[in-house]
Amino acid sequence: MFRDLVRFELGYQFSQTLIRVAVAAFFLLGFFLGYTLYAGPNVYRLAPIAIAQGMVLLSLSSFFGLALFTGNAVLRDRTHGMEPLVHTTPVTFFSFLSSRLLGLIVVVFLVVGLAGLGMVIGGTLPSPHGAEVGPLRISAFLSAFFTFTVPNVFLGLSLLFCVATLCRGQIAVYVAGIALFIVYIVGSMLSNSPVMAQSKQLSADETKLAVLLDPFGVFPLYEQVRYWDLAAKNTQLILLEGDLLANRLIWMTVSLALCCIAYRFFRFREAATTGRTPAIVNRPLAVSSFAGLQPVRPRFGGGFVLRTLCSKIAVDMQLMVRGLPLLLLSLLCLFLFGMVLTEEMGRGDLGVPLAARAALIIPELQDPMRILGPLVVIFFTAEWAWLEREHRFDGIVDSSAVPSVVLWVAKWLGLGCLILFLISLAVMVGAGYQLVRGAGIHDLSTYARLYGFVGFPLWFFAGWVLALQNFLPNKYLGMLAGAGLLVLARALRNLFQWELSFLTMPFFPAPHMSEMTGGGYGDDVAFWGMLLHLGAALLVGAAALFFLRRGHKRRAFGVMRPVAVLAVVGLTALVASAGVVFYKTHFDMQVASGHEIEAWRAGYEKTYRATADRPQPVYRAGRVQVDVFPERRRYQVTATYRFMNPHAHALEQMTLTTPPLRGLRCRTRVEGANRKDVDSRFGVETYVFETPLQPGEEGQLHFELTVKQSGFGSMDGEHYVLPGGSYIELSKFVPNFGYLAHLELTNDPLRRKFGLPAHSGWGNDDDSDPPTQPWFSLELTASAPAGSRALSLGRLEREWESDGRHFSTFRIDQISSHWYALSVGDYAVAETTVDDVRVAVWYRPGHEANVQTMLDAAAGALSYFQTHWGEYPYQDLRIVEIPAFSARFGATSYATTIFAVESRLFLLDQQDEDAFNMVGRIVAHEVGHQWWGGMVNPAPVAGYRMLTEVLCEYAESAVFAEWYGWDEERFYLDEVAAKYFFFRGYDAVEEPSLHRIGGETHPAYFKGAHAMHLATQFLGRETVNQRLAAFFEAHRFPARPRSTDLLAILLEDVPTPQRVRLEELFKRVVTYDLRLREANRDTDDLVHLAIQVEIQGDSAENRPMELEWIALDQKRRPLGEPQTVTVKAGDTAVRVKVPLGAASIEVDPRRLYLEANRGDNRRTITLP
Amino acid sequence: MLSITHLSKTYPGGVRALDGVTLDIGTGIFGLLGPNGAGKSTLMRTIAALQEPDQGSILWDGTDIVRYPHLVRQVLGYLPQDFGVYPKISAERLLDHMAVLKGLRDKKERRRQVDELLERTNLAWCRRQAVAQFSGGMRQRFGIAQALLGDPRLIIVDEPTAGLDPEERNRFHNLLGEIGENITIVLSTHIVEDVRRLCGKAAVMAGGKVLLEGRPDHLVEQLQGRVWRRSAARADLPQWRQRHRVLSDRLEAGRCFIRVLADHQPEAGFEPCPAHLEDAYFAALAAHEGEVAVCSAT
Ligand SMILES: Nc1ncnc2c1ncn2[C@@H]1O[C@H](COP(=O)(O)OP(=O)(O)O)[C@@H](O)[C@H]1O
Ligand SMILES: [Mg+2]
């Protein structure tokens, strides 16, 4: 009996078109997943970690399939009205249910297995972007498949099966499917998965719990690989052991339990009654007749369409929306949105929350909605499309006089209402979050963007899916087709890397947003893109309407007029917007795709790399006039630069390069020189002097530059002009001398694709002194529309209004480089004076919250640095707010002027007095750059960042140690250590030591902070400051010092053991892993410690090390001072004497060793 | 006035559900009689513009409703053979919704008609209950109520009494019988009795063809004097069938009687009896089956 049932079940399943199509679709999906496996820059495509991620993603995608198959397997009796027949057969529950389940399992794992095979095939193909594929190891695929895919799919399957058998509603199954996705998103958010591109940490206890509670194993996966370096990532297999194993076992058990629940509570009889209320008993027809029934004349004229439309939507909504599933879905969404906000907003970098502002909330909410939205749309569209048919009411509706256009449009509009509702939930959560955080809701209207930028795209997508459903023979195939559309659009986009990505489906405009500009970066693009998609959706709608399924396989003639109207409107929208986009990107302003720009940069390097060593003049002074027109998104520059020959010999000619990107036009003229060559492709001009430029002789360059921007093309956070907030790193876009190394591609796989050698970066060891760089002086006059103002470097000499524009002239005389920038905005200012320096913060009105903190920090840092290192040579120090579009950096420092990003400083929530003072810390760091990077301008060779970022990390901690003390510092050190180990996992090349550091940022910041901490602990704050002062005095501009110059001064006369430790940090790459394995009480005051030490990296000899330990009381407060024991690499056992009341022991309390995991350094003292 | 000419329809599976059907249907109740699978529902769905014929035309008052389906929908009341309803929606609400779809835009008028129909179909007492919970008879009444919404000129009811108990069926027929004189009603059934009682005109269909068409009493007239009857043993039935055109066999009080069509007394033992409509029906079917058999034999 059971055998027959299973055989029947399998036969049934495999005769379904759905299953056959699904098998093919999942194979393709697996192939696509394999082809796009990615675990970070430089990680092999076939690295075990990448495969594991791919397998998790596969299991996630399979949930979608599961929702379909489960519906098909479990709910089919109901859908086809077979329930009474099936349920009255003598089949036992057990064989009935288990045959269904078994059939389902076979089908699902066949589908998923084939997808896995597809992944193997797709994964081994050569990468489109030149990334390294790595060796193919089937074992990696198999182990990931059985560790992640199988348990996850089984979990999803049993949950959906359970829900389907118990609730017997298709929508309930969808909601359960969506719940799985939500759990995944929340899990990824918490686990730091690269999917969410965040790096923050849960506390140890939270981590322990999360590792076990994550149903998909993502959390333990990332715990396992968190600190793996590149080599480990590329080679090591994911091991099914420890937490990962425990997690998998727990969730397999849960899956089994779910199956048992399905069996335990499933009853045939319950199924027979449809509702909770019993069927109504018949009351027969009383004697009656239709004789004399009064007819009512129908009227089909104007207004009929509208009236039927409203009624249809109302009834459909009542059917779709009422009931538990939608309520559950709403709750799930509320949960997700709430989680996202508390996690992403409430716990930012170093635990500092972001201010609860709509402009910051909206991009956070957009993410999960973009993932979930299409799914919800696909599910609900299926139900909606088949509504009448599923309830066998189609004959009655289809034969009524309702216009065909209503039948389709009502569903589309109904879906629109559902989308509206879901977005309103998000808005409610956002506004609620603002209230809870006590921020007040002043910016409710900003949430309109959510409707516009998420709602409309989803609605257009719903139009497509609804149309697909019309053409396909059943709803499951329709859903598959909808999902196919999603994947296809992504695949196409991946393949072509279209800059404008109008091809994506749904088309979600980029979420960047700024309060300063009151909008996004490319709102014009968003508008045209959405119009384009509206047009496409209308056209598709017209097609669906033309072939509308009304009645039994009947084409709906007689809807010609609505079809024509829809088609014409759609086509007009499509053609008009496509035309505008084409015009904007091809004529108005050439927009290059990512590919083209890469090719351009590679071509530039190939053509001009060889000329890099040619001697060129250097700039001495610039007089620059900038007129910024934010409303038109353009600016123009008229400038005269003075240059000189710094070399010992005369110059015959010089080369000027102005990268001709992004609507930039430049005309140059050099006095006493003639233009010889113009390479307009690369913007390179060669001038020949009429008489050679003698050593020390000066010349003049005049140029006019116009820049026009639009939202088309990718956003450049260093260069944008927008109403309310513009930021222009102008010196990068004016003509520069010689070869511009910063245009080189730095990504090695990409370089390989273009036939370029590996990137040399800063590694050039050339010992020759860089050409002397003279002081540069700048006079910049900028004009901005009235009401706003421009801000740049130096002293504000003059400001005036003319022709409805605001002019201001800035002047600065001694800068150590010719780099400068300017911003334009509607600013307010707060000022203070410290040691005759005017310290000012320029901010957008409304962003006052942290202004005082910034002023305090800037003033405090300024006076600290002046006291300890050397004098600040300017009269001004200003911090200028710039829009969130620059959020890739927090702040950037030019002489006298620090440009700080609104979302990274001004909109941090520092209300909580006890919270980490992130704002102050960044400000101190940037003020530090006035010395390190400003007045001290290192030679542009390896080790450059040691004299800038590393010293600025020290600058922060020096100021903060004085203000906040050790607890704050310890917190910071632990955080940066974690970051260091996290980011080094993505290093492409072997990590350089600090004193040879090039473009790499994380060792400079995070390891640098630790190194300087150690120096401070060993030498004392006073000594370090004195030595920095000495270094500053000896090597300030125009000298161009190297990292070795600093080390020579810093490490002078340091006793050997400490010197070894410091050199380990500055000159080598060594990390530790300390572990207190045991702390057993021998007698009352003697404790036996078992300490394990691991050393990674090139630490030479296994010498004895000094290791500190400290006893802590019940409340983890230190008892007395740290004591020292001597240990060696490997295991060491020591017996120490502990003070009274000691409850636990911690090793290395002062953070003298750089290690990833400090959690195991402390141990409660146990009795033997 | 509905005139159907040479209507043919073959389903994808190869079933020829309609095969050159030609019918003229005037006002009053027109009965479509035929065994299951005769093509009645197919014909009705085609008239209701729910599917397209492969060939032939359907004119409603002279306009081609295959071309212009919306014209027939505007005058149509249709009760499908098999229909479900939306769950959780009350009878009143659903009827009101259907009324809107049928063009009743005036709210007061609509409510009045909905009330009246609920009243007459004896559903007023449970107007706020979900139709999905109705028992078969009530649901069928609801179906007819929705078909009568507005001012339908053409009403198509497809086996409306299937599954109803005899009493309920009776009442239902009474209801139908008095809908109105100048409306065209097409009723399909496989029960001869229904047609005899209700229909002014009828057609017998089988295998997608119209076998017989006319007023029921005329159809019976033609057989008058040609129907013979006798009792027979069950075991002998096949023999009887071979020897004569047996129209039907039926148990009456435990004995089996056969009815035979013949111009003269076929054999001793047969006695003449008055012809019924049923005889006409079976005669037509038998003729058709004979044809089919001949066809397949050659
Ligand atoms: N949708 C369909 N697809 C294929 N064959 C069909 C379909 N509907 C009906 N048929 C076939 O057409 C023939 C006529 O069916 P139908 O019109 O329902 O007859 P009736 O209503 O007289 O019982 C039957 O043989 C039936 O099997
Ligand atoms: Mg039928």
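FYI, side chains are in, hydrogens and waters are out, and symmetry mates aren't considered; it's all heavy atoms of this structure. In the text below, chain A, chain B and the rest are named by the order of the sequence lines, each starting its count at 1.
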_Are more than 12 heavy atoms, taken from residues, nucleotides or ligands other than Y11(B), located less than 6.0 Å from that residue's OH atom?_
yes
*asked:* Among residues at least two apart in sequence or on other chains, which ones pass salt bridge (charged side-chain N to carboxylate O under 4.0 Å, His left out) with D96(B)?
replied: R110(B)
*Residue part contacting chain A, namely of F83(B), when any heavy atom lies under 4.5 Å*: both
*For residues L101(B) and F304(A), report the shortest heavy-atom separation together with the two atoms involved.*
O-CZ, 3.5 Å
*Can you find a pair of side-chain heavy atoms, one from Q318(A) and one from K88(B), that are under 4.5 Å apart?*
no
*Does V397(A) reach the side chain of Y86(B), with side-chain heavy atoms less than 4.5 Å apart?*
yes
*Interchain contact, Q294(A) with chain B, by part (heavy-atom threshold 4.5 Å)*: both
*asked:* With a sphere of 6.0 Å drawn around CD of E193(B), does it hold more than 12 non-hydrogen atoms of other residues, nucleotides or ligands?
replied: yes
*Please flag which part of I144(B) lies under 4.5 Å from any non-hydrogen atom of chain A: side chain, backbone, both or neither.*
side chain
*Options S400(A), S399(A), P295(A), ranked by heavy-atom pairs under 4.5 Å with chain B, top entry*: S399(A)
*Is any side-chain heavy atom of L94(B) less than 4.5 Å from a side-chain heavy atom of F393(A)?*
yes
_Exam field: side chain R105(B) to backbone P298(A), donor-acceptor pair closer than 3.5 Å_ = no
*Between H97(B), Q113(B), K102(B), which shows the greatest number of heavy-atom pairs under 4.5 Å with chain A?*
H97(B)
_Quick test of your reading: applying salt bridge (Lys or Arg N to Asp or Glu O under 4.0 Å), list the pairs with at least one residue in residues 77-86 of chain B, sequence neighbours left out, ordered by first then second residue._
R392(A)-D82(B)
*What is the minimum heavy-atom distance between L50(B) and G395(A), and which atoms define it?*
CD1-O, 4.0 Å
*Check whether any side-chain heavy atom of R112(B) sits under 4.5 Å from a side-chain heavy atom of V296(A), and report yes or no.*
yes
*Which one of L148(B), D151(B), L117(B) has the most heavy-atom pairs closer than 4.5 Å to chain A?*
D151(B)
_Most chain B-contacting option - heavy-atom pairs closer than 4.5 Å, from V402(A), L309(A), V315(A)_ = V315(A)
*asked:* So for P87(B), is it side chain, backbone, both, or neither that comes closer than 4.5 Å to the heavy atoms of chain A?
replied: both
*Can you find a heavy atom in the side chain of R73(B) that is under 4.5 Å from one in the side chain of R550(A)?*
yes
*Run the numbers on V85(B) and H391(A) for side chain to side chain contact (heavy atoms under 4.5 Å, CB included), then give the verdict.*
CA-CA 6 Å; V85(B) 288; H391(A) 294 116; over 6 Å; no
*Pick one of side chain, backbone, both or neither for Q74(B), based on which atoms fall under 4.5 Å of a heavy atom in chain A.*
both
_chain A interface, residue from V100(B), L76(B), D106(B) that has the most non-hydrogen pairs under 4.5 Å_ = V100(B)
